[in-house]
Amino acid sequence: MGKTVADIAQEFNLSITTVRFIIGGNAQRYRISAKTEKKVKDYIEKHGLIVNHAARSLKLKKTETLGIIIPRLSNPFFARLIETFEAHCRSLGYQLIFSCSQNNDKEEANLIRMMLSRGVDGLFIACNSKESQQYAIQSVSKPIVFIDRDFGIGKLNSVITDNFGGGYQLAQAILKDNEHELIVFIGDESLPTIASRLAGIEKYCSEHLKKSFKVIKLKGNSAEYGQKGMQTYLKKNSLPRCMVTSSLNILEGCLYAAKNAKLVFNERAIFGTFDYHPMLEFLNNELWVVEQNRQELVQVAFEMMMNMLQSNQDEDISSTLQNNKTFSSNPCLINLNHK
DNA sequence: TGTTATGATCGTAATAGGCT
DNA sequence: AGCCTATTACGATCATAACA
């Protein structure tokens, strides 16, 4: 299990201070004999060392813990993003704690307070709304990097995906050599991610598409909204031959509604969606997917965080906390189940 | 009896100082 | 000079003491 500093001090009849000098790499500076240094180091090599991070944090005024708040873990994109964040965090010696705001502004504010009271050194947040992003900026005096969503407030650090470009490319790919009317199921447009996806699709269609396309706007981004949207659509229409959904959850709901209605998509129907999931490979239809570059998103978000933590330590001036940078990552368009 | 003040506690990191 | 030890702050929490 390892030994504590007190164990080691007792073992060799030394003071705790002496042992700490050796552990801290300051043996020579404090004139600890090479003989003593060696025996302590050998002992730690053999038995291991237990460090009390709570006490260390108390002294150092930093916990080497970072917090991340996302809307929901049931969104596969966020689940995978968390996993990438955690691995990155751990590789740099940081502990990551995460919580879900359940798309609720009040809950998000609570979680911010909770994370701060736990002593996180910095926060990554995927905000629910413009108001909650404003609240975070005003109420948090520690480094924040906003992820996935930037509501355009300005003066903040954010790492987002070029959803407009993604939507544009997706429309381009899906409409090439396709005769059928495009049906777009779009989730909550108040989110900049969703609005940008739709804007990209509309931009391409207005530039290149001669025939009409239909946008079905939903009030939320969960599978339930997708299901309801498709149910309503099916009252007056048959299943789309050319369909885009704004997220995996919306696609899930749409497919579920079709299954419930005992309807089967035409085998030549073509789908487009945002965010990749391995289960998509098992669909029979041709499918285009806009996949976000998770590794890049996480890496850049971390660089921003580390920069702020560093400058915070050096200067200790809260006004320099925010660097006001926005990074936009390019998504990748992939084609699955091509026929 | 109810309120406020003080001190001890945890382990770590850094500084000041002591003993031979 | 060489080698090591004692003391303190850090911050929240709890127990005990000292007030009115």
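Protein chains get the first letters and strands the later ones, always in sequence-line order, with residue 1 at the start of each.
- Contact annotation: the side chain of A:Ser158 never approaches that of A:Arg149 to less than 4.5 Å [non-hydrogen atoms, C-beta and beyond].
- Axis deviation across the helix from B:dT1-C:dA20 to B:dT20-C:dA1 amounts to 80°, comparing end segments of five pairs, rounded to 10 degrees.
- Residue order along DNA chain B, read from the 5' end via each residue's closest nucleotide, puts A:Ala55 first among A:Ala55 and A:Asn26.
- Toward the 5′ end of DNA chain B lies the nearest nucleotide of A:Val51, the other residue of the pair A:Val51 and A:Tyr30 mapping further downstream.
- Phosphate proximity of C:dT7 to A:Thr17: absent, as no side-chain N or O sits under 4.0 Å from OP1 or OP2.
- By the 4.0 Å N-to-carboxylate-O rule, A:Lys217 lies close enough to A:Glu189 to be salt-bridged with it.
- Taking 4.0 angstrom as the limit, A:Thr18 places a side-chain polar atom (N or O) nearer than this to OP1 or OP2 of C:dT5.
- If you check C:dC4, B:dT12, C:dT5 against the side chain of A:Ser33, the one that comes closest is C:dC4.
- In this structure, A:Glu64 places its CD atom 13 Å from C1' of B:dT12, rounding to the nearest Å.
- For the pair A:Ile16 CD1 and B:dC10 C1', the computed distance is 12 Å after rounding to whole Å.
- For the residue pair A:Asp105 and A:Ser129, a side-chain donor N or O sits within less than 3.5 Å of a side-chain acceptor on the partner.
- Note on A:Glu37 versus A:Lys41: salt bridge recorded, some NZ/NE/NH1/NH2 to OD/OE distance being below 4.0 Å.
- Regarding A:Lys61, its NZ atom lies at a distance of 9 Å from the C1' atom of C:dA9, rounded to whole Å.
- Comparing C:dC4, B:dT12, B:dA13 against the side chain of A:Asn52 picks out B:dT12 as the nearest.
- Close to C:dA12, at under 4.0 Å from its OP1 or OP2, lies no side-chain N or O of A:Arg118.
- Salt-bridge annotation for A:Lys228 and A:Glu224: absent, with no side-chain N of the basic residue lying under 4.0 Å from a carboxylate O of the acidic one.
- A:Ile23 places its CD1 atom 14 Å from the P atom of B:dG11, with the value rounded to the nearest Å.
- Between A:Glu64 and A:Arg56 there is a salt bridge, with a side-chain nitrogen of the basic residue lying less than 4.0 Å from a carboxylate oxygen of the acidic one.
- A donor-acceptor contact under 3.5 angstrom links the side-chain atoms of A:Lys59 to the base of C:dA9.
- At B:dA13, one or more side-chain N or O atoms of A:Arg56 fall inside 4.0 Å of OP1 or OP2 (strictly under the cut-off).
- Rounding to whole angstrom units, CZ of residue A:Arg20 and P of B:dG11 are separated by 9 Å.
- In this model, a donor atom of one side chain and an acceptor atom of the other lie less than 3.5 Å apart for A:Asn110 and A:Arg113.
- If you check every strand for non-hydrogen atoms under 4.0 Å, A:Thr4 touches nothing.
- Taking atom CG of A:Leu58 as the reference point, atom C1' of C:dT8 lies 13 Å away to the nearest angstrom.
- A donor atom on one side chain and an acceptor atom on the other are not found under 3.5 Å apart for A:Ser329 and A:Thr161.
- Taking atom CZ on A:Phe21 and atom P on B:dA14, their separation rounds to 9 Å, with Å as the unit.
- Remark: P of C:dG2 and CD of A:Gln28 are 13 Å apart, rounded to the nearest angstrom.
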